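Beneath this line is the structure, given in structure tokens, with notes to follow.
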Amino acid sequence: MTATKHIEMRGVAKAFRFFALHGLSFDLEPGQVMGLVGPNGAGKSTTIRMAMGLMTPDEGEIRVLGHPMPAAQAAAKRDIGYVSADMRLMPNATLGWHMKLVSSIYPGWDAAYAATLVKRFNLRPAQSTHTLSHGEHTKAALLLALARRPRLLILDEPTTGLDPVARHELLTEFMDVLRDESRSILFSSHNTVDVERISDRIAFLDRGRLVANSDKEDFLERWRRIEVQLPPGAALPELAHIVGHASDGRFHTLTTNHFDERQLAQLGPAVRNVQRMSLEEIFVANVMHHREARDQ
């Protein structure tokens, strides 16, 4: 594996008593935002913990910023900013105390940027962290990560439980990070709206398996829903790349993961509508298709 990618996973597996992650392989390039999307229990947090060196895979190889994990996690973490929904700061200390502590540990601390984030997030350095709301707590954790100017930002469900305004503020800040094309973000979430907004690459996880991994625009371009109305007695022709089919007598709704004008030509005048699909609709259709294929 080369050392240029920010995250490289090859054939990574991890087994627990009631869950297993199977053969996970993907890359995160500098300048990319990868959305790691999956329902609760899909394996997103396990994947992130292994990327952070907090868990050792049973099989496979992981490199982060060119460092083998978990063996060289101390070296890798100098350039990693990590924020999770369940991260907790010292309850009896102030935000200013935390800022001073982090700045003393990391020489890359940007005091001017930290001051900007304090104002942007409407935080108060003199405030004790135990008095912060959930949204303020998440913003404080993000400030402490971002002001270090890390090359890699790893976010594990960071917007969980936030109100729409707080989510907007955080997502805007994530996008600002990528103005520097040498930095990247791995963003785990089950909220496809957030992921669709900031990610340029999407990886779908379900039941410990990587279901799909592609550029966001590729997903949005390939997937379509085709509505068809057949005349009495007519049969639906065999079409390639149909991964979902719902029918109510003469009315059919087809889901394709590789839209092609030839599909419309085969259906002819029976086509009533062709709809683009949201990332959430694509995710659900993708997961259900792969579950059905595995169960057969």
Side-chain angles (χ1 to χ4, degrees), residues 7-28 32-64 69-70 82-86 154-161 185-196 198-216 218-220 222-225 241-246 253-258 277-296:
I7 297 179
E8 301 170 85
M9 289 199 178
R10 295 290 181 273
V12 172
K14 183 71 176 178
F16 302 92
R17 184 179 179 187
F18 297 111
F19 173 78
L21 197 68
H22 306 271
L24 187 64
S25 298
F26 69 84
D27 295 330
L28 176 65
Q32 276 189 341
V33 181
M34 173 177 279
L36 191 61
V37 182
N40 293 330
K44 303 186 299 299
S45 292
T46 298
T47 301
I48 283 179
R49 290 187 183 111
M50 288 193 291
M52 288 292 296
L54 302 176
M55 286 183 180
T56 301
D58 297 334
E59 298 176 17
E61 185 178 1
I62 303 173
R63 296 184 75 88
V64 177
M69 300 296 274
Y82 173 67
V83 178
S84 71
D86 57 1
I154 296 182
L155 307 168
D156 189 7
E157 302 275 6
T159 60
T160 298
I185 298 176
L186 179 63
F187 178 36
S188 155
S189 182
H190 62 270
N191 188 322
T192 55
V193 175
D194 290 348
V195 171
E196 187 168 1
I198 72 167
S199 301
D200 47 39
R201 190 165 189 85
I202 310 290
F204 291 148
L205 273 180
D206 183 53
R207 296 178 177 176
R209 298 180 186 274
L210 186 64
V211 172
N213 177 19
S214 185
D215 291 340
K216 177 181 69 178
D218 180 57
F219 278 123
L220 296 174
R222 287 192 295 107
W223 285 75
R224 292 287 191 282
R225 187 173 289 118
H241 308 298
I242 299 300
V243 297
H245 178 199
T253 301
L254 309 176
T255 301
T256 174
N257 65 355
H258 200 290
M277 298 171 64
S278 69
L279 188 64
E280 179 169 345
E281 291 171 324
I282 293 169
F283 169 61
V284 172
N286 216 327
V287 166
M288 297 310 297
H289 172 61
H290 280 82
R291 285 184 182 181
E292 291 168 4
R294 287 201 302 268
D295 292 342
Q296 287 179 356

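We use all heavy atoms of the structure for the numbers below, so side chains are in, but hydrogens, waters and symmetry mates are not. Just so you know, these numbers come straight off a predicted model, no measurement behind them.
- Atoms CE and CG, from Met55 and Leu21 in turn, are 10.0 Å apart once rounded to the nearest 0.5 Å.
- Rounding to the nearest 0.5 angstrom, the gap separating the OG atom in Ser188 from the CG atom in Asp194 is 11.5 Å.
- Atom CZ in Arg49 sits 12.5 Å away from atom CD1 in Ile154 (nearest 0.5 Å).
- The CH2 atom of Trp223 sits 4.0 Å away from the CG atom of Asn286 when rounded to the nearest 0.5 Å.
- When all heavy atoms of Gly38 and Phe283 are compared, the closest pair comes out as CA-CZ, 3.6 Å.
- His241 pairs by the ring pair (Phe, Tyr, Trp, His ring centres under 6.0 Å) definition with His258, not counting sequence neighbours.
- In this structure, Asp215 contributes its side chain and Asp218 its backbone to no donor-acceptor pair below 3.5 Å.
- Annotation for Met9 and Ala51: closest pair CE-CB, 3.8 Å, computed over non-hydrogen atoms.
- Among all heavy-atom pairs drawn from Gly43 and Phe19, the shortest one is CA-CZ, 3.6 Å.
- Closest approach of Pro57 and Val12 over heavy atoms only: CB-CG1, 3.8 Å.
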Decide yes or no on side-chain hydrogen bond (donor to acceptor under 3.5 Å, both in side chains) for Ser45 and Asp156, but give the supporting numbers first. CA-CA 7 Å; Ser45 292; Asp156 189 7; 3.0 Å; yes
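- In this structure, Ser25 contributes its side chain and Gly11 its backbone to a donor-acceptor pair below 3.5 Å.
- A salt bridge does not link Lys216 to Asp200: none of the charged nitrogens lies less than 4.0 Å from a carboxylate oxygen.
- Summarising the local packing, CD of Glu281 is surrounded by more than 12 heavy atoms from other residues, nucleotides or ligands at distances under 6.0 Å.
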The test is side chain to side chain contact (heavy atoms under 4.5 Å, CB included); show your working for His190 and Val37 and say whether it passes. CA-CA 5 Å; His190 62 270; Val37 182; 6.0 Å; no
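- Contact detail for Phe187 and Ser199: the closest heavy-atom pair is CD2-OG, 4.4 Å.
- Heavy-atom minimum distance, Ala285 versus Thr255: CB-CG2, 4.2 Å.
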Go through the steps to decide whether Met34 and Ile185 satisfy the test side chain to side chain contact (heavy atoms under 4.5 Å, CB included), and finish with yes or no. CA-CA 6 Å; Met34 173 177 279; Ile185 298 176; over 6 Å; no
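- Side-chain contact check for Lys14 versus Met50: some heavy-atom pair is nearer than 4.5 Å.
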I'd like to know whether Ile62 forms a side chain to side chain contact (heavy atoms under 4.5 Å, CB included) with Val64, so could you lay out the CA-CA distance, the side-chain angles of the two residues, the decisive distance to 0.1 Å, and finally the verdict. CA-CA 7 Å; Ile62 303 173; Val64 177; 4.1 Å; yes
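- Evaluated for a side-chain contact (heavy atoms from CB on, under 4.5 Å) with Ile7, the options Asp27, Thr47, Leu28 yield exactly one hit, Leu28.
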Contacts under 3.5 angstrom, residues 202-213 side chains, donor-acceptor by atom type, not counting sequence neighbours:
{"residue": "Asp206", "atom": "OD1", "partner": "Arg291", "partner atom": "NH2", "Å": "2.7"}
{"residue": "Asp206", "atom": "OD2", "partner": "Arg291", "partner atom": "NE", "Å": "2.8"}
{"residue": "Asn213", "atom": "OD1", "partner": "Arg201", "partner atom": "NE", "Å": "3.2"}

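- Of the listed residues (Asn257, Thr256, Leu254, Ile282), just one forms a side-chain contact (heavy atoms from CB on, under 4.5 Å) with Arg224, and that residue is Thr256.
- Under the 4.0 Å criterion applied to side-chain N and carboxylate O atoms, Glu157 and Lys44 are assigned as salt-bridge partners.
- Listed by chain and number, the residues in a salt bridge (charged side-chain N to carboxylate O under 4.0 Å, His left out) with Glu196 amount to none (sequence neighbours excluded).
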Could you please spell out the steps behind the side chain to side chain contact (heavy atoms under 4.5 Å, CB included) verdict for Leu155 and Tyr82? CA-CA 6 Å; Leu155 307 168; Tyr82 173 67; over 6 Å; no
